[in-house]
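The next block holds one structure in the form of structure tokens; read it before the comments.
It should be emphasised that the depicted structure is a prediction, and the values quoted were computed from it without experimental measurement. Note: hydrogens, waters and symmetry copies are ignored here, and every other heavy atom, side chains too, is used.
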Amino acid sequence: MAYLLMIDDNPQTQRYIERIIRHRTKHEIAFAASKDECIEKMVERRPEVVLLDLFIPGDGFELFELLRQHPTTEDIPIVIITAVPLDQITRMRLKKMRCEGFIECPIEATELNRILNIALKRNSIVARKWEPPAV
């Protein structure tokens, strides 16, 4: 059983993803609606996979870069979930930053679980407590 953290400010999307996760897996999932809330949740417990909506309050791209730059979160697989179709330039940028995969709305349960399984297989957690970078 894995611990997942989803950062998305849309409660409907959160509930939908939670139903998919709980119906098909035994993974535990927590939610954050903003960059600041994400950091708080990560201080509490380090996730094995992050599901990130890029268009959250506080800028999802900035959060993605922050997670990739910090030594204790740089290896956490990040899966992008978005209702906004991503252009090729954005996809290339995210792949260079080691994005694990993309899920665009409408979200298909099979595709979400496929990408999560890949992300979890690639994840090699280093047991250390996450500390947010100095602001």
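Under the side-chain hydrogen bond (donor to acceptor under 3.5 Å, both in side chains) criterion, Arg19 pairs with no residue, sequence neighbours left out. A search for side-chain contact (heavy atoms from CB on, under 4.5 Å) contacts involving Asp59 returns Phe61, Glu62, not counting sequence neighbours. Every residue was checked against the salt bridge (Lys or Arg N to Asp or Glu O under 4.0 Å) condition with Lys41, not counting sequence neighbours, and none meets it. For Ala30, the side-chain contact (heavy atoms from CB on, under 4.5 Å) partners at least two apart in sequence or on another chain are Tyr3, Leu5. Under the salt bridge (Lys or Arg N to Asp or Glu O under 4.0 Å) criterion, Arg45 pairs with Glu28, sequence neighbours left out.
Counting heavy atoms of neighbouring residues, nucleotides and ligands inside a 6.0 Å radius, atom CE of Met97 exceeds 12 of them.
Of the inter-residue distances, the one linking Leu116 atom CG with Thr25 atom OG1 reads 7.5 Å to the nearest 0.5 angstrom. Here CG of Asn113 is found 11.0 Å from CD1 of Ile118. Values are rounded to the nearest 0.5 Å. Taking CD1 of Ile56 as the reference point, atom CG of Asp53 lies at 7.0 Å (rounded to 0.5 Å). Considering CG of Leu94 and CZ of Phe64, their distance stands at 5.0 Å, rounded to 0.5 Å. For the atom pair SG (Cys99) and CD1 (Ile80), the distance works out to 4.5 Å, reported to the nearest 0.5 Å. The structure places CZ of Phe31 at 11.5 Å from CG of Asn10, a figure rounded to the nearest 0.5 Å.
At least one side-chain heavy atom of Ile115 sits less than 4.5 Å from a side-chain heavy atom of Glu111. Leu67 places none of its side-chain heavy atoms less than 4.5 Å from the side chain of Ile76. Using a 4.5 Å heavy-atom cutoff, the side chains of Arg24 and Thr110 are in contact. Here the side chains of Met6 and Glu18 are not in contact, with every heavy-atom distance at 4.5 Å or above. The shortest side-chain heavy-atom distance between Pro77 and Val50 does not fall under the 4.5 Å cut-off. Leu112 places a side-chain heavy atom less than 4.5 Å from the side chain of Ile81. No side-chain heavy atom of Ile7 sits under 4.5 Å from any side-chain heavy atom of Leu51. The shortest distance between side-chain heavy atoms of Leu4 and Pro47 does not fall below 4.5 Å.
Between Pro57 and Ala33, the shortest heavy-atom contact is CD-O, 3.5 Å. The two residues Glu74 and Arg98 make their nearest non-hydrogen contact at O-NH1, 2.8 Å. The two residues Asp8 and Gln14 come nearest to each other via the heavy atoms O-NE2, 2.5 Å. Nearest heavy atom pair, residue Thr73 against residue Met42, reads CG2-SD, 4.2 Å.
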Ignoring hydrogens and angles, write down the donor-acceptor pairs under 3.5 Å from the side chains of residues 100-109, residues two or more places apart or on other chains.
from	atom 1	to	atom 2	distance (Å)
Glu100	OE2	Arg122	NH1	2.9
Glu104	OE2	Leu86	N	3.0
Glu104	OE2	Arg91	NH2	2.8

Worksheet item: Going through the checks in order, is the side-chain contact (heavy atoms from CB on, under 4.5 Å) test met by Lys96 and Arg93?
Response: CA-CA 5 Å; Lys96 284 182 182 178; Arg93 175 181 169 199; 5.9 Å; no
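A salt bridge is absent between Lys35 and Asp9: the closest approach of a Lys/Arg side-chain nitrogen to an acidic carboxylate oxygen does not fall below 4.0 angstrom. Of the charged side-chain nitrogens involved, none lies within less than 4.0 Å of a carboxylate oxygen, so that Glu65 and Arg68 do not count as a salt-bridged pair.
Both Leu63 and Val84 are assigned to one and the same hydrophobic cluster, defined by single-linkage of ILVMFWY side chains at heavy-atom distances under 4.5 Å.
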